[in-house]
Protein chains: 2
Amino acid sequence: MINQRETARTKYGQKIADATVGRLSRYYRTLKQLESLGVATVSSDELAKRNNVTSAQVRKDFSFFGAFGRRGLGYNVRDLKHNIAHILGLDLEWHLALVGVGNIGRALLNFRQFQEQNFYFTLLLDSDPRKIGTRFNNLEVKNLDHLAEEITKAHVDIVVISVPVEAAQKVADQLVATGIKAILNFAPTSLHVPSDVVVRNENMVIEIEHLSFALAQTERV
Amino acid sequence: MINQRETARTKYGQKIADATVGRLSRYYRTLKQLESLGVATVSSDELAKRNNVTSAQVRKDFSFFGAFGRRGLGYNVRDLKHNIAHILGLDLEWHLALVGVGNIGRALLNFRQFQEQNFYFTLLLDSDPRKIGTRFNNLEVKNLDHLAEEITKAHVDIVVISVPVEAAQKVADQLVATGIKAILNFAPTSLHVPSDVVVRNENMVIEIEHLSFALAQTERV
DNA sequence: AATTGTGAACCTCTTCACAGCT
DNA sequence: AGCTGTGAAGAGGTTCACAATT
């Protein structure tokens, strides 16, 4: 399960594919880079080449949200970047909670790209008594038993779950009960949540197994 | 770009979708858990429920590789687990190199799930003189300038790239030149590689932007 | 009675191809 | 002439539905 709520739709009512949203993020990164290089205008073909997709794909992706280009000329880099930022909600500030302050979790706290994109950790939760009360990145680790009140107090929008696999579903259930609608799940298990809650899974073992699959297939032919 | 080589095929010649490979990894995890619980038999419906897919999807996924079940009875947990392990290449040992011993990279070194699945780091590379020569998890950080010889010496199968975005493509080019066919890329950029090299992208910012997109769409309706 | 394996139908996403602007 | 925006065609992935098997 990748997206567990009804697929998002534009104001025109179209369903937006997950793949489209992912590509918008990639185009956005390209546009930031072009802007920093002082490039003023870009074509769908240029964006396509830099992202290993077709130019028709780029234009189609944009078309769900509006007409951002000028025929014959291409796209204004600055304007397009702002438009995509708005679509992706990157013009807003998002408050994150980290549940499970382990190995991966601590790396995420120090992950600059989150802050650069207006994603800020404002709450750390763990169940380990040795961790509760300690501080990471200026944030005190709170007791997981008080999840609901801490989540509410910190005005959390998005929760990153990086607890052991056995604990993940219970945490998800509690988050759903407190009204959380967006979860980034690092635990290697499918979470069962209502359809109005979005879960994205970040599963590094699955990614690397795609690679071993490809290598094994080749070698065994 | 997710999979940059020609789509993998079974011995029967079917193309295997990325999505199918990802689901096989998930079923595999479910089977390991069922086995540890002492469950001997499982139906496609049970596997489906635990992974938020349909039972037809489960059966179709298996069908590309063979007929592993018994009509009326379901699948033997142990046998199916072995079959999937073989398909995914998890019955082999894979040697990993980590290029870029930063924040995320060091977290990966301590990531138990890799070793549990026969993925072993055998080489660390970095360009930072302060890091070269230091040790992490019993491995010495080698000089990135000697990439080709170190990769060959360590018999590396899969390379994890976690260098800054500006350096990623150059590293990828060097890896391709040494004959590496599988890359797990944590740098937030699309890598350009020949079609016989598989790249999987692990991009946490993109994942979290799916969430902000979903939240922003909902709130702005 | 239960459950698999699979061709066919269905649905979704991508690419084509060209009219419409600049 | 160059490039976007988009309906239509095409490709690919998922679900249906049922014959086959235990």
Side-chain angles (χ1 to χ4, degrees), chain A residues 1-4 6-10 12-24 26-27 31 39-77 79-80 83-84 87 210, chain B residues 1-4 6-10 12-24 26-27 31 39-77 79-80 83-84 87 210:
Chain A
M1 131 218 62
I2 297 225
N3 185 335
Q4 297 176 315
E6 276 177 45
T7 312
R9 288 158 187 266
T10 63
Y12 311 112
Q14 296 110 123
K15 296 171 197 166
I16 303 301
D18 266 5
T20 292
V21 179
R23 283 190 299 267
L24 289 175
R26 291 186 179 86
Y27 305 148
L31 291 165
V39 177
T41 295
V42 68
S43 65
S44 58
D45 192 52
E46 175 71 16
L47 282 171
K49 283 186 180 123
R50 287 175 179 261
N51 289 280
N52 292 332
V53 297
T54 66
S55 65
Q57 180 77 79
V58 172
R59 297 195 300 275
K60 183 64 97 180
D61 286 336
F62 295 159
S63 74
F64 298 119
F65 301 96
F68 304 132
R70 295 221 289 155
R71 291 170 196 235
L73 300 176
Y75 303 87
N76 177 287
V77 169
D79 293 349
L80 184 56
N83 277 311
I84 296 182
I87 292 165
H210 276 265
Chain B
M1 133 218 62
I2 298 226
N3 184 334
Q4 296 174 315
E6 277 177 44
T7 312
R9 290 160 185 265
T10 63
Y12 312 111
Q14 297 109 123
K15 296 172 196 163
I16 302 301
D18 266 5
T20 293
V21 179
R23 284 190 298 267
L24 289 175
R26 293 187 179 86
Y27 305 148
L31 291 165
V39 178
T41 296
V42 68
S43 66
S44 59
D45 192 53
E46 174 72 16
L47 281 172
K49 283 189 178 122
R50 287 176 178 260
N51 289 280
N52 292 333
V53 296
T54 65
S55 64
Q57 181 76 79
V58 172
R59 297 196 299 276
K60 184 64 96 180
D61 286 336
F62 295 159
S63 74
F64 298 119
F65 301 95
F68 305 133
R70 296 222 287 155
R71 293 172 194 233
L73 300 176
Y75 302 87
N76 177 287
V77 169
D79 294 349
L80 183 57
N83 277 311
I84 296 181
I87 292 165
H210 275 267

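Chain naming here is simple, since letters A, B, ... match the order of the sequence lines and numbering starts at 1 in each. Only this structure's heavy atoms are used, side chains among them; waters, hydrogens and symmetry mates stay out.
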Establish, from distance only, whether the side-chain atoms of B:Ser55 and B:Arg59 form a donor-acceptor pair under 3.5 Å. yes

Kindly indicate whether the side chain of B:Arg71 and the base of D:dT22 share any N or O donor-acceptor pair separated by less than 3.5 Å? no

Is there a donor and acceptor pair closer than 3.5 Å between the side chain of B:Lys15 and the base of D:dG13? no

Hey, does the side chain of [X] come within less than 4.0 Å of [N]'s phosphate (OP1/OP2), counting only N and O?
X: A:Thr54; N: C:dT14; result: no
X: A:Tyr75; N: D:dG5; result: yes
X: A:Arg23; N: C:dT14; result: yes

Roughly, in whole Å, what's the span from [atom1] in [X] to [atom2] in [N]?
X: A:Arg59; N: D:dG5; atom1: CZ; atom2: P; result: 8 Å
X: A:Arg70; N: D:dG5; atom1: CZ; atom2: P; result: 11 Å
X: B:Gln57; N: C:dG7; atom1: CD; atom2: P; result: 16 Å

Using heavy-atom distances to pick each residue's nearest nucleotide on DNA chain D, tell me which of B:Asp61 and A:Phe62 is more 5'. A:Phe62

To the nearest 0.5 Å, how far apart are CG in B:Leu31 and CG in B:Leu47? 5.5 Å

Measuring from atom OG1 of B:Thr20 to atom CG of B:Asp61, what distance do you get when rounded to the nearest 0.5 angstrom? 4.0 Å

